[in-house]
Trainee: 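Structure provided below as structure tokens; questions to follow.
Quick note on labels: first sequence line is chain A, next is B, and so on, each numbered from 1.
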Amino acid sequence: MNESTLFLITFIFYILAAFFYFSFLFSKKENKAKKGFKLAFIGIAIHTIALILRTFESGHAPFTNMYESLSFLAWSSILAYIIIEWKYKIRKAGPYFMLIVITLMALASSPLMPKNATPLIPALQSYWLWLHVSVTLMGEAFFAIAFITSIMYLVASSKEKKGKAKKSSLSSAILDSISYRCVAVGFPLFTLGGLVFGMVWAFYAWGRPWSWDPKETWSLITWFVFALYLHTRIVMGWKGWRSAFIATLGFLAALFTYFGVNYLLAGLHSYA
Amino acid sequence: MKSFIRFFSSVKLAITLLIIITAASIIGTLIPQQRGLEEYLARYGQWANLFHRLQLTRLYQSSWFITLLLLFSINIITCTLTRISPKLRRLFRPTIASEAKKILAYRIKDKYKKPWKLERSEEEIKKALSSSHYRLKEENKENKTFLLARKRTLGWFGSDIVHFGLLVILAAGVVSGFGAFRSYLTLSEGQILPVPQSNFQIRLDKFETEYYPNGSVKDWKSTLTVIKEEKSLLTKTIEVNHPLSYEGHVFYQSNYGLDWRNPAVEIWVKKRSDSSFLRKVEAKIGEKISIQDENIQFSVTHFIPDFVINENNQITTRSLQPNNPAARIEGWQEDKQIFSGWIFAQFPDFERIHSTKETDLRFELKDFKTSQFSVLQAAKDPGVTWIWVGSAFLMVGLTLAFYWPSREIKMILEETKGTTEIVAGGLASKNREAFQAEFEKIMSHIRRSK
């Protein structure tokens, strides 16, 4: 079985997982969510094999073009979600989060993304490719969960204010704290992978650690937004909607760094 | 001075600066940086001059952006200094004595009586706390003992270490800004060039381009030798991502190109009247060549890889790629020039030869060989080391701030008539659930022991 078949099977499992998560959302039956979780788990297991196969087929890290990178981001996101759900039991975030994963998988399978593994250009032949990309994307996956829980917070708190909240639903206070914990994981990972490893690699490949290339600058902007999140929250005691708002901005900045910069701004990072 | 400190130690200033710097950084990604004025005029028209005057076209190097970074640094320094001294006091000279009322106001607390003397209680409690890795400080007052048990107090300084790391990185940026020197060295094989701002030279021994089976470039490799006082000290093959470092100078494979200064040209000489006549000649530029059995000498005087006649009617090359190779030849008979002109590899029939004497010979430009030159970036950047030092502090600080939460337990032991009353309360900077479990474990251990 080859990588593209496995990728397709993975995609099907993620869609099934999303389906069960959504039926849990509407039926409120816990076991549906558990099924969704199991399907996502099987999905990521197959996905892992697919990524390993890809690595062997191409002979390099499985994130050197947009297709590979999207697939890897989907993998990181599922992994991050599995960790968070297992730790904090936030099944309610499952359906929304699976939507993000499915979007990533759908984008990866779109015909616009060239899927064939091409030999690595000289600039990418470095083990820093592994460290820089994988750690950064892992950090971004946690930002994505922080984003989902922040949006859920905004909805939950407005319901609570109107007295419409159901007993079974997650309280806004819990969502607020989970969102913070995701940032607490994502921020150090993003700092390490995106900024520190990025600078080290840039030094070896381009001869200087920092060049104010648009992608570099946008990752710094993302970092600033989350720094703002942490300072307003920890020092000034901002919580609730203001925190949720900044976390959302931070995720959008991360999304733009990942996606927008490649298509809208020209720079050194033109390959991925 | 006081108002200066108050102004710069405010978190509101930090947040305002952070927002302004973020906004400026965004603008810098929307306007392409460090381009020529013509490009800005073409792109933005009238606005280009305004952008130029506001330094938006080299925003990250502009005086106002650097001023912002400077203000931000002063802000970080004052914030850190004003916040670190109470923490240091709390670490080295903490207040140990407390009131039972205060301790019982903690969220995590316990109160218990044990039929033990004070010494015995102290001993048991200390044992229980030490086995959970708490470090103890105590104070005694008549029949009372105050205990302060703490662990992972380094966690308090996580944010300070992060800020220190950031300051080191910013300072490294200043060092790079003033002290870094970058230049590009273009070398052909065998060539030696002095390295700017150093007392050594570098020689390119070999340059090669490797290809994948599909024809795309796999790598560029330059074998370099460091030469000092005519001695070869070090030889290393560099490629993209693998530079050579020597005495603070780093050499990167940066670019490559074809060296047209000294090509070898292959010329076929034919006869118009005799199609069986063919002489293959390999010529260097300027080399005089006699053709066998013919009373004629010729030489190639020029070679141009991409022949074009520009608007000033001058012959020049359009690019450094061999898109339209052309050679200029001259012919002599007994020291008298009889013809000169251009021949073209792609257009063998299109010859531009001016002859003063009719000749039966035809010249065709068949092939050309040239060496490639390698372009190295030579960088000397004393700031780089400090960026790595700052980054290390940054990561250690972040880890401490998020994953090394301090825990603190305060206790008052008071003996009355052979019975000790234990009042205990705990504070944790993060992850209170886990701390509560640990606290309860310690307390129940004391309760159960006989």
Side-chain angles (χ1 to χ4, degrees), chain A residues 118-129 180-181 183-185 187-192 195-197 199-201 203-218 220-225 227-228 230-232 234-236 238 249 253 256-257 260-261 264-267, chain B residues 11-12 14-15 18-19 21-23 25-26 28-30 32-34 59-61 79 83 159 162 166 169 172-173 176 180 182 210-214 216-220 239-243 250-254 377-379 381 383-384 387-388 390-392 394-395 398-399 401-403 430:
Chain A
T118 47
L120 272 192
I121 60 165
L124 291 180
Q125 292 164 23
S126 169
Y127 47 84
W128 288 105
L129 170 66
Y180 166 72
R181 282 168 196 212
V183 174
V185 179
F187 189 71
L189 285 176
F190 186 79
T191 311
L192 182 69
L195 298 176
V196 176
F197 288 169
M199 284 197 293
V200 176
W201 192 11
F203 173 71
Y204 282 111
W206 300 328
R208 58 174 80 205
W210 194 265
S211 322
W212 293 104
D213 160 68
K215 196 134 184 154
E216 283 173 358
T217 310
W218 270 97
L220 186 66
I221 290 164
T222 306
W223 194 79
F224 280 155
V225 176
L228 203 67
L230 293 167
H231 284 83
T232 51
I234 295 167
V235 187
M236 294 172 67
W238 284 18
L249 279 185
F256 189 76
T257 309
V261 172
L264 301 175
L265 308 169
Chain B
V11 180
K12 280 197 181 131
I15 285 165
L18 205 55
I19 291 172
I21 293 172
T22 307
S25 304
I26 293 175
T29 63
L30 300 179
Q33 297 288 298
Q34 316 245 33
L59 191 150
Y60 306 111
Q61 290 78 26
C79 272
R83 278 168 180 74
S159 60
V162 169
L166 274 183
I169 293 173
S176 288
R182 287 186 168 77
E210 286 180 5
Y211 297 91
Y212 286 110
N214 73 357
S216 59
V217 172
K218 186 179 180 195
D219 219 337
W220 296 284
E239 55 192 281
V240 183
N241 273 309
H242 299 279
V250 192
F251 300 91
Y252 298 89
Q253 182 66 57
S254 171
Q377 185 196 156
D381 190 344
V384 168
I387 290 186
W388 310 144
S391 300
L394 184 67
M395 290 321 300
L398 281 176
T399 315
F402 286 112
Y403 299 102
K430 281 196 178 78

Trainee: OH of Tyr204(A): more than 12 outside heavy atoms within 6.0 angstrom?
Mentor: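 Atom OH in Tyr204(A) is not packed in, count stays at 12 or less.
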
Trainee: At a 4.5 Å cut-off on heavy atoms, which part of Val250(B) comes close to chain A: side chain, backbone, both, or neither?
Mentor: side chain

Trainee: Less than 4.5 Å apart, side chain to side chain, heavy atoms only: is that true for Ile15(B) and Leu228(A)?
Mentor: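 Yes. Closest side-chain heavy atoms under 4.5 Å.
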
Trainee: Please flag which part of Ser25(B) lies under 4.5 Å from any non-hydrogen atom of chain A: side chain, backbone, both or neither.
Mentor: both

Trainee: Side chain, backbone, both or neither: which part of Trp223(A) has an atom under 4.5 Å from a heavy atom of chain B?
Mentor: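 Answer is side chain: those atoms of Trp223(A) sit under 4.5 Å from chain B.
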
Trainee: Mind checking whether Asn241(B) and Trp201(A) have side chains closer than 4.5 Å, heavy atoms only?
Mentor: yes

Trainee: Can you tell me which portion of Gln61(B) sits under 4.5 Å from chain A's heavy atoms? Options are side chain, backbone, both or neither.
Mentor: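 Looking at Gln61(B), just its side chain touches chain A.
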
Trainee: If you round to the nearest 0.5 Å, how far is CZ of Phe203(A) from CG of Asp381(B)?
Mentor: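 The distance works out to 7.5 Å.
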
Trainee: Just by modelled atom types, is the Gly207(A) backbone N or O under 3.5 Å from a matching donor or acceptor in the Arg182(B) side chain?
Mentor: yes

Trainee: Is it the side chain or the backbone of Tyr180(A) that comes within 4.5 Å of chain B heavy atoms, both, or neither?
Mentor: side chain

Trainee: Look at the side chain of Gln125(A) and the backbone N and O of Lys218(B), then say whether any donor-acceptor pair between them is shorter than 3.5 Å.
Mentor: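 Yes; judged by distance alone, with no hydrogens or angles, the pair exists.
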
Trainee: Does any backbone or side-chain atom of Ala227(A) lie under 4.5 Å from a heavy atom of chain B? Answer side chain, backbone, both or neither.
Mentor: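 For Ala227(A), heavy atoms of backbone and side chain both lie under 4.5 Å from chain B.
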
Trainee: Could you walk me through whether Val235(A) and Arg83(B) pass the side-chain contact (heavy atoms from CB on, under 4.5 Å) check?
Mentor: CA-CA 11 Å; Val235(A) 187; Arg83(B) 278 168 180 74; 4.3 Å; yes

Trainee: Can you tell me how far CZ of Arg208(A) sits from CD of Gln377(B), rounded to the nearest 0.5 angstrom?
Mentor: 6.5 Å

Trainee: Please flag which part of Tyr403(B) lies under 4.5 Å from any non-hydrogen atom of chain A: side chain, backbone, both or neither.
Mentor: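 Contact with chain A is through the side chain of Tyr403(B) alone.
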
Trainee: Just by distance, do the side chain of Tyr212(B) and the backbone of Ile121(A) share a donor-acceptor pair under 3.5 Å?
Mentor: no

Trainee: Which region of Met199(A), side chain (C-beta onward) or backbone (N, CA, C, O), has a non-hydrogen atom less than 4.5 Å from a non-hydrogen atom of chain B, or is it both or neither?
Mentor: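 Contact with chain B involves both backbone and side-chain atoms of Met199(A).
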
Trainee: Please report the shortest heavy-atom distance between Pro188(A) and Leu398(B), naming the atom on each side.
Mentor: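 In this case the closest contact between Pro188(A) and Leu398(B) is CA-CD1, 4.0 Å.
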
Trainee: If you count heavy-atom pairs under 4.5 Å with chain A, which of Phe402(B), Trp388(B), Tyr60(B) comes out on top?
Mentor: Tyr60(B)

Trainee: Mind checking the OG-CD spacing from Ser211(A) to Gln33(B)? Nearest 0.5 Å is all I need.
Mentor: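 It is 12.5 Å, given to the nearest 0.5 Å.
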
Trainee: If you measure from CG on Leu220(A) to CD1 on Ile21(B), what distance do you get to the nearest 0.5 Å?
Mentor: 9.0 Å

Trainee: Among Thr118(A), Val200(A), Thr232(A), Leu195(A), single out the residue with the greatest number of heavy-atom pairs under 4.5 Å to chain B.
Mentor: Val200(A)

Trainee: What part of Leu394(B) is in contact with chain A, defined as an atom under 4.5 angstrom from a non-hydrogen atom: side chain, backbone, both or neither?
Mentor: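 The answer is the side chain of Leu394(B).
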
Trainee: As an exercise, state the distance from CD1 of Ile26(B) to CZ of Phe256(A), rounded to the nearest 0.5 Å.
Mentor: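 Ile26(B) atom CD1 to Phe256(A) atom CZ measures 9.0 Å (nearest 0.5 Å).
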
Trainee: Under a 4.5 Å cutoff for heavy-atom pairs, which residue among Val240(B), Val162(B), Ile169(B), Asn214(B) has the most contacts with chain A?
Mentor: Val240(B)

